[in-house]
Amino acid sequence: MTMEDGTFEFPSNCADTVDYDARQWDTREDCEVRQILDRIADKWSLLAIALLDRRTMRFTELSREIDGISQRMLTKTLRHLERDGLVRRTVHPVVPPRVDYELTPLGVTLHATIQSLVTWTEQHQAEIAAARSGYDSRADAMQDLDGVVR
């Protein structure tokens, strides 16, 4: 198996994450924590994990459910999630071939964390919309004053 660009054969020691400090993973390219966060926090991975919660899905079902994802990107996303131990891929020996995807026990634990983030977003979406509107109004006013976008 070949290693993916930007990954290392053995996890690097990028610091103890018990006492959280973003600087311990944010600036270090070889940090395994940063690599994992980059992978699981992308929009396609989040959507795939959310859809696979408590059910097995075929590739075509996932493709239909994830609006805007290409077949190539879905394949790549599922392979990455499988490699990370979050998704299990099962090939059934039938004609035509049938491939099912499901969350592993590790993936289920991640889904709970993602659900917390979604819940937070739902609870605060009005505040975020108000903040965006205020920011946009201030930015428009500043541009009107001197013609420069800041």
Side-chain angles (χ1 to χ4, degrees), residues 1-139 150:
M1 175 182 278
T2 62
M3 293 301 296
E4 213 174 306
D5 289 342
T7 61
F8 299 88
E9 189 170 351
F10 300 102
S12 61
N13 182 5
C14 60
D16 185 5
T17 56
V18 173
D19 294 323
Y20 176 76
D21 178 0
R23 288 171 293 181
Q24 64 192 357
W25 53 263
D26 190 42
T27 60
R28 297 178 57 172
E29 290 291 329
D30 64 339
C31 178
E32 192 72 13
V33 172
R34 179 178 176 170
Q35 293 171 10
I36 293 167
L37 286 171
D38 285 348
R39 169 71 41 73
I40 63 176
D42 77 73
K43 69 179 179 178
W44 303 127
S45 294
L46 289 173
L47 287 168
I49 291 165
L51 286 168
L52 291 170
D53 179 43
R54 295 187 215 122
R55 67 184 262 202
T56 299
M57 295 181 76
R58 297 174 77 171
F59 184 91
T60 53
E61 291 176 291
L62 283 164
S63 182
R64 276 194 305 269
E65 292 290 327
I66 303 176
D67 189 38
I69 194 168
S70 68
Q71 192 168 2
R72 180 180 180 275
M73 184 53 71
L74 180 57
T75 298
K76 189 174 179 179
T77 298
L78 291 169
R79 284 184 183 159
H80 288 171
L81 293 172
E82 182 182 13
R83 180 174 182 250
D84 290 342
L86 302 170
V87 168
R88 179 178 302 111
R89 177 179 184 263
T90 304
V91 180
H92 300 277
V94 295
V95 177
R98 191 178 103 213
V99 180
D100 293 329
Y101 295 89
E102 63 185 324
L103 292 181
T104 64
L106 181 62
V108 170
T109 65
L110 178 59
H111 182 268
T113 300
I114 292 168
Q115 188 57 50
S116 295
L117 182 60
V118 170
T119 300
W120 180 90
T121 305
E122 289 170 343
Q123 291 171 347
H124 298 283
Q125 64 185 344
E127 293 169 72
I128 293 168
R132 288 176 176 174
S133 179
Y135 177 91
D136 292 346
S137 294
R138 290 188 305 277
R150 296 174 195 243

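Heads up: numbering here begins at 1 and tracks the sequence.
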| field | Heavy-atom check, side chain of Leu74 versus side chain of Leu78, under 4.5 Å | value | yes
| message | Can you confirm whether more than 12 heavy atoms, excluding those of Asp67, are under 6.0 Å from its CG atom? | response | no
| task | For residues Trp44 and Asp42, report the shortest heavy-atom separation together with the two atoms involved. | result | N-OD1, 2.9 Å
Quick one: side chains of residues 47-64, donor-acceptor pairs under 3.5 Å with protein atoms, not counting sequence neighbours, listed by atom name and distance.
| from | atom 1 | to | atom 2 | distance (Å) |
| --- | --- | --- | --- | --- |
| Asp53 | OD1 | His111 | ND1 | 3.4 |
| Glu61 | OE1 | Arg58 | N | 2.6 |

| message | Show me the pairs that pass salt bridge (charged side-chain N to carboxylate O under 4.0 Å, His left out) and involve residues 84-107, at least two apart or across chains. | response | Arg39-Asp84, Arg88-Glu102, Arg98-Asp100
| Got a second to check how far Lys76's NZ is from Leu81's CG, nearest 0.5 Å? | 12.5 Å
| task | Measure across Thr109 and Leu106 and return the closest heavy-atom pair with its distance rounded to 0.1 Å. | result | OG1-O, 2.6 Å
| note | CD (Glu82) and OG1 (Thr77) are apart, to the nearest 0.5 Å, by 12.5 Å
| said: Taking the side chain as everything from C-beta on, heavy atoms only, tell me whether Val87 gets closer than 4.5 Å to Leu103. | reply: yes
| message | Can you tell me how far apart CG (Leu86) and NE2 (His80) are? Round to the nearest 0.5 Å. | response | 12.0 Å
| Point-to-point distance, once rounded to the nearest 0.5 Å, from CZ of Arg132 to CG of Asp136 | 9.0 Å
| Polar side-chain atom of Arg138 near backbone of Gly134 as donor-acceptor pair, under 3.5 Å | yes
| remark: Taking every heavy atom of Leu46 against every heavy atom of Ala41, the minimum-distance pair comes out as CD1-O, 3.6 Å
| Does Ser133 use its side chain to pair, donor to acceptor, with the backbone of Ala129 at less than 3.5 Å? | no
